[in-house]
Amino acid sequence: MSRKSKVLAGVSASIALAAAAAGIAFAAAPGAPASAPHAQAAAWVNSDGTVRYSQGIAQVTHPSTGRYCVTLSDVKDINAVIPVATLVHAANGSSITLTRNAPPQNLCNGTPDTILVNTHDKDGAFQNYSFDFVTP
């Protein structure tokens with residue numbers, strides 16, 4: 001690795017650590033390609049908001065505990081999409097809900113083509129959990 005690359009990597013890591021300490025959520029990269037031939041979009045999202053695998057997903061952000069903004073790519077009408085999400089490795093009684101980011105839950109900054117995914121513990125409190133997401 002060149003000296004310039006090392007410096008850039010160090011600066012990038014410092015910025016990421018400072019942002020994490022300040023509670024700033026970054027958009028996750030789409031992750032490795034998913035194999036979902038009959039889906040418009042699909043993703044395996046980790047509890048921290050990073051994406052393990054995806055197809056048809058522009059980005060995922062994690063604005064707060066238990067809340068994830070999944071932005072789809074190449075969707076003609078977000079209101080015609082019927083998303084499905086399933087918790088991965090969650091405790092018994094945990095749940096997941098989806099909404100098309102309508103007010104007053106505008107946590108996704110009004111980003112078009114975005115589905116808000118909420119994950120909850122057994123008592124209904126927001127809790128970070130990994131989940132699978134698909135739009136057939």
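This is a predicted model, so every value here is computed, not measured. Residues: numbered from 1 along the sequence shown.
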Enter the distance from Gln55:CD to Gln40:CD here, rounded to the nearest 0.5 Å.
10.0 Å

Rounded to the nearest 0.5 Å, what separates atom CG in Asp74 from atom CG in Asp113?
9.0 Å

Hey, can you pull the donor-acceptor pairs under 3.5 Å for the side chains in residues 128-136, sequence neighbours left out?
from: Asn128; atom 1: OD1; to: His62; atom 2: NE2; distance (Å): 3.2
from: Asn128; atom 1: OD1; to: Gly66; atom 2: N; distance (Å): 2.6
from: Tyr129; atom 1: OH; to: Ser94; atom 2: OG; distance (Å): 3.1
from: Ser130; atom 1: OG; to: Ser47; atom 2: N; distance (Å): 3.1
from: Thr135; atom 1: OG1; to: Ala41; atom 2: N; distance (Å): 3.1

Does Asp48 offer a backbone N or O that forms a donor-acceptor pair with the side chain of Asn46 under 3.5 Å?
no

For Val51 against Tyr53, the heavy-atom pair lying closest together:
CG1-O, 3.4 Å

Between OH of Tyr68 and CG of Leu98, what distance do you get to the nearest 0.5 Å?
13.0 Å

Shortest non-hydrogen contact from Thr71 to Pro112?
CG2-O, 3.8 Å

dist Asn118:CG -> Thr65:OG1 (nearest 0.5 Å) comes out at 11.5 Å

Taking all non-hydrogen atoms of both residues into account, name the closest pair between Cys69 and Leu116 and its distance.
SG-CD1, 4.2 Å

Could you measure the distance from the CZ atom of Arg67 to the CD atom of Gln127? Nearest 0.5 Å is fine.
13.5 Å

Working to the nearest 0.5 angstrom, can you tell me the gap between Thr99 OG1 and Ile115 CD1?
8.0 Å

Give a yes or no answer on whether the side chain of Asp123 reaches the backbone of Ala125 with a donor-acceptor pair at less than 3.5 Å.
no

Taking the side chain from Ser73 and the backbone from Gly56, do they hold a donor-acceptor pair closer than 3.5 Å?
yes

Do Thr114 and Leu72 have side chains that get closer than 4.5 Å, going by heavy atoms?
no

